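In this text the structure is predicted, and so the values were computed from the model without any measurement.
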Amino acid sequence: MNENMFQFEKGLEILHITLTEIQKDQFVKFYERLVEKNKVMNLTAITEWEDVVQKHFLDSLSLVRVLDLNQIETLIDVGTGAGFPGIPLKIAFPHIKITLMDSLNKRIRFLEEVIQVCGLEEIEAIHSRAEDLARNQKYRENYDLCVSRAVANLSALSEYCLPFVKVGGQFISYKSAAAVEETVQAQRAIEILGGKKRMIDQFQLPDSDISRALVVVDKVKNCSKKYPRKAGMVTSQPL
């Protein structure tokens, strides 16, 4: 693993992120638990260390390109899946209080194992749908930042995510190179939900030709209590 750590450290240097040896060890423990658990449940199709580093770890941490995470206190990761981007962000920026949310309880149990194995604190994994959790006053409009790498249309994703963000905070969606067109189509939904598109950062992952984009949306006003709508309506009848 030492030889392969060079690739990770090179990518971190490009992102201007410095990790302690303890943090690097936490990433290794996360990887080992991910691969082990993946043998019995479908967490990711990407299992080789080099690929996980590039397509999961560095991709998750690329958020630093558009935001100073040292200024963020609270974060929710909607549709976190196997813990991306939430777990890498927690390891690299341990001061952030993080909520990981996913609708599949098996994934939540896996994430709880990762949290324990890596010794992470002030992070919770919640089994819920966004439509339900966003109506809970403990979580609604309570976060500085909402992130999601979920594979959903940006219009639907905005309805899932913006209700969690406090006014003055941000919702940032991890997207592919097709983000520009998708963002144009989602413009109306973003505005209805109290958001305003700030920017789209298009880039390539370190040492690759993989194109990625970060769509940054500012929360400029409170979200109407009628959003998010009931389960199913968000995707079947997008705003």
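In plain terms, the two heavy atoms of Leu58 and Leu15 that are nearest each other are O-CD1, 3.9 Å. In terms of heavy atoms, Pro228 sits closest to Ala130 at CG-O, 4.1 Å. Here the shortest heavy-atom pairing between Thr47 and Val35 reads O-CG2, 3.7 Å.
Distance alone, capped at 3.5 Å, places no donor-acceptor pair between the Asp218 side chain and the Val220 backbone. Between the side chain of Glu191 and the backbone N or O of Arg188 there is no donor-acceptor pair closer than 3.5 Å. Not one N or O on the side chain of Tyr139 forms a donor-acceptor pair closer than 3.5 Å with the backbone of Phe164. Using a distance-only test at 3.5 Å, with no hydrogens or angles considered, no donor-acceptor pair links the side chain of Glu159 to the main chain of Ala189. Side chain of His95 to backbone of Leu69: a donor-acceptor contact under 3.5 angstrom is found. In this structure, Glu122 contributes its side chain and Lys97 its backbone to no donor-acceptor pair below 3.5 Å. Not one N or O on the side chain of Asp51 forms a donor-acceptor pair closer than 3.5 Å with the backbone of Ile46. No donor-acceptor pair closer than 3.5 Å links the side chain of Asp102 to the backbone N or O of Ile108.
With hydrophobic clusters built from ILVMFWY side chains whose heavy atoms lie under 4.5 angstrom apart, Leu162 does not share a cluster with Leu214.
For the residue pair Gln116 / Glu112, no side-chain donor-acceptor distance below 3.5 Å is found, with atom types taken as modelled. For Asn222 and Glu141, the side-chain atoms include at least one donor-acceptor pair closer than 3.5 Å.
Each of Arg212, Arg65, Lys175 was scored for a salt bridge (Lys or Arg N to Asp or Glu O under 4.0 Å) with Asp201, with one residue passing: Arg65. When each of Glu181, Gln185, Gln187, Glu182 is paired with Leu154, the side chain to side chain contact (heavy atoms under 4.5 Å, CB included) condition holds for Glu182 and for no other.
Contact check for Gln26 versus Leu120: side-chain heavy atoms found under the 4.5 Å cut-off. Side-chain contact between Ile123 and Ile87: present, with at least one pair of heavy atoms (C-beta onward) separated by less than 4.5 Å. The side-chain heavy atoms of Thr44 and Leu34, taken from C-beta on, include a pair separated by under 4.5 Å. The closest side-chain heavy-atom distance from Trp49 to Met5 is below 4.5 Å. Between Met41 and Arg107, the closest side-chain pair of non-hydrogen atoms falls below 4.5 Å. With contacts defined as side-chain heavy-atom distances shorter than 4.5 Å, the pair Lys166/Asp144 qualifies.
Ring-plane geometry between Phe84 and Phe57 is classed as tilted, the angle between the planes lying from 30 to 60 degrees on a 0 to 90 degree scale.
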Dump the intermediate steps for salt bridge (charged side-chain N to carboxylate O under 4.0 Å, His left out) on Glu32 and Lys29, then the final yes or no. CA-CA 5 Å; Glu32 290 173 344; Lys29 287 178 178 177; over 6 Å; no

